[in-house]
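In what follows, every heavy atom counts, from backbone to side chain, and hydrogens, waters and symmetry copies are set aside. This structure is a prediction, so every number in the text was calculated from the model and none was measured.
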Amino acid sequence: MTIRFEQTIDDTMAFYKHFIRTSETIKRSFVRMRWYLSAGALLAWMITQDPKFTAIMAAILLALVLLLPWYTRKIMEHRARQTYQKPDNARMMGWHTMELTDEGMVVTTDNATATYKWPVVLKTVHVPNYVFIYFSEMMAIVVPVSRLTPSEVEALNKTLETHIKQ
């Protein structure tokens, strides 16, 4: 089976947003960030033990603990979009042809051809409009299923279910 689709910056960003919201590594990073903020506030309170300072620090800490992960995600998304828009990175955008066989996948673009055997696929994730075919925690082929025909989507899903054990 062969499918053809165009990958855009928005498709790549959809994967990146999914990644930063679901990655265990990033989740742990946000937990550490909250612990460091809390430890810093506790240390500041222990040094000053001033009730007014404690109230102000508690308010600031609460705002940081609640807003900093959201703000950090937004900054990460903004920087990723800037990176993907650079001319050198435009090569990963454009038309992709994906051939699915019993052995694996062959993905061809104007600039490269890559062959993936089924055992290297870690998982697939289905989200609205996309299927992400993961090869590592941070790398996946992004298939914009919203731009495929219903028969292509059905054949893709059947092939992935047959070959990928999750």
Side-chain angles (χ1 to χ4, degrees), residues 1-37 64-166:
M1 172 194 145
T2 301
I3 58 173
R4 187 165 159 76
F5 57 88
E6 183 177 20
Q7 184 166 340
T8 66
I9 288 176
D10 290 336
D11 301 328
T12 304
M13 287 303 300
F15 170 72
Y16 187 77
K17 289 176 183 181
H18 169 78
F19 166 73
I20 64 174
R21 283 173 174 70
T22 61
S23 165
E24 291 302 318
T25 302
I26 291 183
K27 287 179 185 178
R28 284 190 301 272
S29 174
F30 286 141
V31 167
R32 279 193 305 273
M33 181 188 311
R34 287 180 173 118
W35 276 102
Y36 294 154
L37 288 170
L64 286 174
V65 165
L66 294 176
L67 296 177
L68 197 56
W70 171 84
Y71 178 73
T72 302
R73 281 188 192 101
K74 290 297 177 193
I75 292 296
M76 291 170 72
E77 290 171 13
H78 176 72
R79 289 186 181 151
R81 184 173 287 279
Q82 285 181 323
T83 299
Y84 292 136
Q85 288 175 334
K86 290 181 180 177
D88 287 347
N89 294 319
R91 290 177 226 162
M92 52 191 278
M93 307 307 159
W95 286 96
H96 290 57
T97 301
M98 178 185 285
E99 183 182 352
L100 302 163
T101 68
D102 287 337
E103 291 78 36
M105 296 181 288
V106 178
V107 180
T108 304
T109 68
D110 290 341
N111 302 302
T113 298
T115 302
Y116 304 95
K117 296 192 183 286
W118 291 120
V120 302
V121 177
L122 296 177
K123 65 181 178 178
T124 59
V125 174
H126 298 259
V127 298
N129 301 321
Y130 297 98
V131 172
F132 304 133
I133 305 170
Y134 277 84
F135 298 96
S136 75
E137 181 187 354
M138 295 178 64
M139 292 177 47
I141 293 175
V142 179
V143 181
V145 293
S146 61
R147 293 196 293 273
L148 302 179
T149 66
S151 62
E152 288 175 323
V153 173
E154 184 179 336
L156 173 66
N157 288 336
K158 183 178 178 187
T159 303
L160 293 175
E161 288 172 11
T162 300
H163 295 289
I164 300 170
K165 310 300 180 222
Q166 297 194 50

Next on the checklist: With a 4.5 Å cut-off on side-chain heavy atoms, are W118 and L100 touching?
Outcome noted: yes
Checklist entry - Could you state the interatomic distance from CG (L156) to CD (E161), rounded to the nearest 0.5 Å? => result 9.5 Å
Checklist outcome for this item: Output for pair (I141 CD1, F5 CZ), nearest 0.5 Å, gives 7.0 Å
Checklist outcome for this item: Heavy atoms of T2 and E99 approach each other most closely as OG1-CG, 3.8 Å
Next on the checklist: Looking at K158, I want to see if its NZ is surrounded by more than 12 non-hydrogen atoms of other residues, nucleotides or ligands under 6.0 Å.
Outcome noted: no
Item to check | Test side chain to side chain contact (heavy atoms under 4.5 Å, CB included) applied to V143 and I3, step by step | outcome: CA-CA 10 Å; V143 181; I3 58 173; 4.2 Å; yes
Checklist entry - What distance do T124 atom OG1 and N157 atom CG have between them, rounded to the nearest 0.5 Å? => result 8.0 Å
Checklist entry - Between Y130 and F132, how do the two ring planes meet: parallel, tilted or perpendicular, split at 30° and 60°? => result parallel
Next on the checklist: Looking at M139, I want to see if its CE is surrounded by more than 12 non-hydrogen atoms of other residues, nucleotides or ligands under 6.0 Å.
Outcome noted: no
Checklist entry - Any side-chain heavy atom of H78 sitting closer than 4.5 Å to one from Q82? => result yes
Next on the checklist: Check whether D11 reaches the backbone of T8 with its side chain - one donor and one acceptor, N or O, closer than 3.5 Å.
Outcome noted: yes
Checklist entry - Which residues satisfy the salt bridge (Lys or Arg N to Asp or Glu O under 4.0 Å) test with R28, sequence neighbours excluded? => result none
Checklist entry - Should I75 and R79 be marked as a side chain to side chain contact (heavy atoms under 4.5 Å, CB included) after you check the CA-CA gap, both sets of side-chain angles, and the distance that decides it? => result CA-CA 6 Å; I75 292 296; R79 289 186 181 151; 3.5 Å; yes
Checklist entry - Can you tell me how far OG1 of T25 sits from CE of M138, rounded to the nearest 0.5 angstrom? => result 8.0 Å
Item to check | Step-by-step side chain to side chain contact (heavy atoms under 4.5 Å, CB included) determination, D10 to R81 | outcome: CA-CA 9 Å; D10 290 336; R81 184 173 287 279; 3.2 Å; yes
Checklist entry - Minimum heavy-atom separation for E24 to E137, with atom names? => result N-OE2, 3.6 Å
Checklist entry - Between CE of M76 and CD1 of I20, what distance do you get to the nearest 0.5 Å? => result 5.0 Å
Next on the checklist: Could you check whether any side-chain heavy atom of V142 comes within less than 4.5 Å of a side-chain heavy atom of T12, counting everything from C-beta outward?
Outcome noted: no
Checklist entry - What is the distance from atom OG1 of T109 to atom NE2 of H96, rounded to the nearest 0.5 Å? => result 5.5 Å
Next on the checklist: Looking at E6, I want to see if its CD is surrounded by more than 12 non-hydrogen atoms of other residues, nucleotides or ligands under 6.0 Å.
Outcome noted: yes
Next on the checklist: Atom CZ of residue position R21 - does it have more than 12 heavy atoms of other residues, nucleotides or ligands inside 6.0 Å?
Outcome noted: yes
Checklist outcome for this item: Minimal heavy-atom distance between H163 and T101, with the atoms involved, is NE2-O, 4.0 Å
